[in-house]
Protein chains: 2
Amino acid sequence: MLKPISHRKRTLRDVAKAAGVSLSTASNALNGVGRVNAETSERINRIAQEIGFRPNALARSLQSKRSSTIGMLTNDTYGRLTLPMGAGVSEVLVDQGVSVFLCATNNDPRLAQLHLQALLDKQVDGIIFTATRLDLEQPRELLALPIPVIYAFAEGPPGSVSFVPDDEHGARLAMERLRKSGCSRILHITGPKDYLAARLRAAAFCNFAEACREPMFGDWSEEWGHEAIARLVSDGDQLPDGIFCGNDEIARGVIDALRDRGILVPRDISVVGFDNWEVISRQTRPPLTTVDMGLMELGRQAGLAMLSITRGEAIEPGTRRLPCRLVERLSTANKANEY
Amino acid sequence: MLKPISHRKRTLRDVAKAAGVSLSTASNALNGVGRVNAETSERINRIAQEIGFRPNALARSLQSKRSSTIGMLTNDTYGRLTLPMGAGVSEVLVDQGVSVFLCATNNDPRLAQLHLQALLDKQVDGIIFTATRLDLEQPRELLALPIPVIYAFAEGPPGSVSFVPDDEHGARLAMERLRKSGCSRILHITGPKDYLAARLRAAAFCNFAEACREPMFGDWSEEWGHEAIARLVSDGDQLPDGIFCGNDEIARGVIDALRDRGILVPRDISVVGFDNWEVISRQTRPPLTTVDMGLMELGRQAGLAMLSITRGEAIEPGTRRLPCRLVERLSTANKANEY
DNA sequence: AACGCTTGAGAAATCGTTTTTGCAAGATCA
DNA sequence: TGATCTTGCAAAAACGATTTCTCAAGCGTT
């Protein structure tokens, strides 16, 4: 009867035995540290390769106190924000062998606590905290964590390290684009006033609009876009020649509502959105000129920062506002009265 | 000079010392195993609590050979599928202390390989593989993995464990709903023919339509919905009285294109979508009756299955087709000629 | 009183690595 | 020719838990 081939995982011990050396020598050779003869080292590496040895990250981490693992805590379940950011984070970390635990808290504090505890127990090297809005509720526990924390998308408490899109810059891009279209009576239709992002964009709007018409706060939906236009028309005021919308959904609603009334975009009114959520911005008619927050890049930056921190490099606390990018499509006129 | 308070993590050793017992006794007491006096046990547990002891999961895993960690490999970066499923998986696992590594491969084989290796090195207990489509490319490595693999959303190779939405059931729900609206000339406008999901839904459509008009394959976009209607109208054939769309984006395009031509939904034609991607289905005018695949539930099921497997319980290989659910909104007539 | 059984707890081995220390043998130097 | 350095490697001690032995004390039985 044949002895069955052992499917047990190969350990360092197997390598050492096969190479006829001690554990320490094998370890040194594989890691390129310590003093080990070049030929011996080469032999050990070759053998490790041959028998398919892969070091057990658990054992390694236990020893080194670095798990090469980080946690990402988010409250955004349906994830148009989290996934691009997560992909960015992952992208810059995977080459360093760092993996990311993704934890969706679904805005449930109990769940958040559970996840957080699991992450700490698993000795993650750091946590990236991201939320659609952080300006209201602040999870107390996160403030006193024994490991580095980085905030992404939403700003953390004072003294923390945060990466957020530069809403003001985004708003400026939008306004400049509208100006370029020759718009002089620009309107701002945006989301709820209790969103920091909405307030920031609105403030920037007021700075850049010559005569600042009161921004219209509502919610983030297409429906609100419709309603805003309806209100505008029924008020009988002079219509604007440019509209800067707080997000793409509102913009889509606005454009559709205008078309329903025979007002054409961009012939009569130019429209700029915010988010570049492609499923919307590409499919409005006409396709939407909009502001892209570069979420993936934001994720990359956060990931890189985390990498530095876990390597012990000091990092300046504070909020980094990452520039936005204007994506030109067809909802903005090329020049005043040309289209 | 005061000796600084040690911020070193509390270990089992600290507990044992504080309780004046040995490591083994402390361990036994905390885990409720072995023989240890009730009072002693209580004291140990109390002390552990007091000094805030939390066992190091790394050390525990090293010993137990179970990391309480699974990997989720996906190629869907912008994630309307992955995140709900991931949330479902997480939801059923977090209570068991199991965390999920999310790896976005972005359809890059090198990246997939990298992530996979990292997961294996980290001794994950299993891998959940999910992709928007698996019917074409099959990652070879996944077939011979030394740990359990579960496929979610897309079906795995023969002999594997898969959880997928029951496309046929979904299609039936859609068709039944259209029948209920009194539709007799039903059309199917769907995505590319090389998507298995498209073929399955189309086949079911043909089964349920009395006179099966050739399904119209295109792509998954709103634009294709517009184009399909344009084609239909220019052909001059009799228009259908019901349209079953392969996804919500197509449905939205269809509805908008019909409205542009003065054809009203649901007065003249009833429309049903597929996906219940709310940002679309809620915002079509009228809001879209559509088929929900229950992705979160699918994730839950996959998570539970993984739990069973890692506990050593055998699990029947094969594909589980999870039922869909019809979400009624306003794009379907209530009865023939009533609306 | 001798034997066995149960209870309670400690000692030591183990998981798979890394890291520190020790120690021969050969090379270099005065 | 000794004294000191370097080289190459092995032995052993971590890392923080779990688990398997071992063993003493207390108890009941004959």
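Chain letters run A, B, ... following the sequence lines, proteins first, then strands; residues in each count from 1.
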Margin query: What is the distance, to the nearest angstrom, from the CG atom on A:Leu23 to the P atom on D:dA14?
Written below: 17 Å
Item checked: First and last nucleotide of DNA chain C, 5' to 3', lying under 4.0 Å from heavy atoms of chain A -> C:dG16 to C:dT19
Next item on the list: Answer with base, sugar-phosphate or nothing: what part of the nucleic acid does B:Ser24 contact at a heavy-atom distance below 4.0 Å?
Entry: base
Next item on the list: Give a yes or no on this: more than 12 heavy atoms of other residues, nucleotides or ligands lie within 6.0 Å of atom CD of A:Gln96.
Entry: yes
Margin query: Are the side chains of B:Val89 and B:Ile128 in contact, using a 4.5 Å heavy-atom criterion?
Written below: yes
Item checked: Ionic contact status for B:Arg46 with B:Glu50, cut-off 4.0 Å -> yes
Notebook entry, point to check: For the pair made of CZ in B:Phe53 and C1' in D:dA17, what is the distance, rounded to whole Å?
Noted result: 8 Å
Check: Near DNA chain D, which residues from residues 57-71 of chain A have a heavy atom under 4.0 Å away?
Finding: A:Leu62, A:Gln63, A:Lys65
Check: Is the cationic atom of A:Arg320 (NZ for Lys, CZ for Arg) positioned less than 6.0 Å from the six-membered ring centroid of A:Phe163 and within 45 degrees of its normal?
Finding: yes
Item checked: Length of the line joining B:Gln123:CD and D:dA17:P, which is rounded to integer Å -> 19 Å
Margin query: Could you tell me if the side chain of A:Ile47 sits less than 4.5 Å from the side chain of A:Ile44, heavy atoms only?
Written below: no
Check: What do you reckon, is CD of A:Glu313 surrounded by more than 12 foreign heavy atoms closer than 6.0 Å?
Finding: yes
Notebook entry, point to check: Are the side chains of A:Leu298 and A:Pro165 in touch, meaning some heavy atoms are under 4.5 Å apart?
Noted result: yes
Margin query: Within this structure, what is the CD1-CE distance for the pair B:Ile315 and B:Met306, rounded to the nearest 0.5 Å?
Written below: 9.5 Å
Note to self: For the CG atom of B:Asn28 and the OG1 atom of B:Thr40, what is their distance to the nearest 0.5 Å?
What the structure shows: 11.5 Å
Check: Heavy-atom count around B:Arg13 CZ within 6.0 Å, excluding the residue itself: above 12?
Finding: no
Margin query: How many whole angstroms separate atom NZ of A:Lys122 from atom P of D:dG16?
Written below: 18 Å
Next item on the list: Let me have a per-nucleotide readout for nucleotides 4-9 of chain D, 5' to 3', with B, S or -, counting only protein heavy atoms under 4.0 Å.
Entry: ---BBB
Check: Going by heavy atoms in the side chains, are B:Leu93 and B:Leu304 under 4.5 Å from each other?
Finding: no
Next item on the list: Could you tell me the separation between the CZ atom of A:Arg13 and the P atom of D:dA10, rounded to a whole number of Å?
Entry: 14 Å
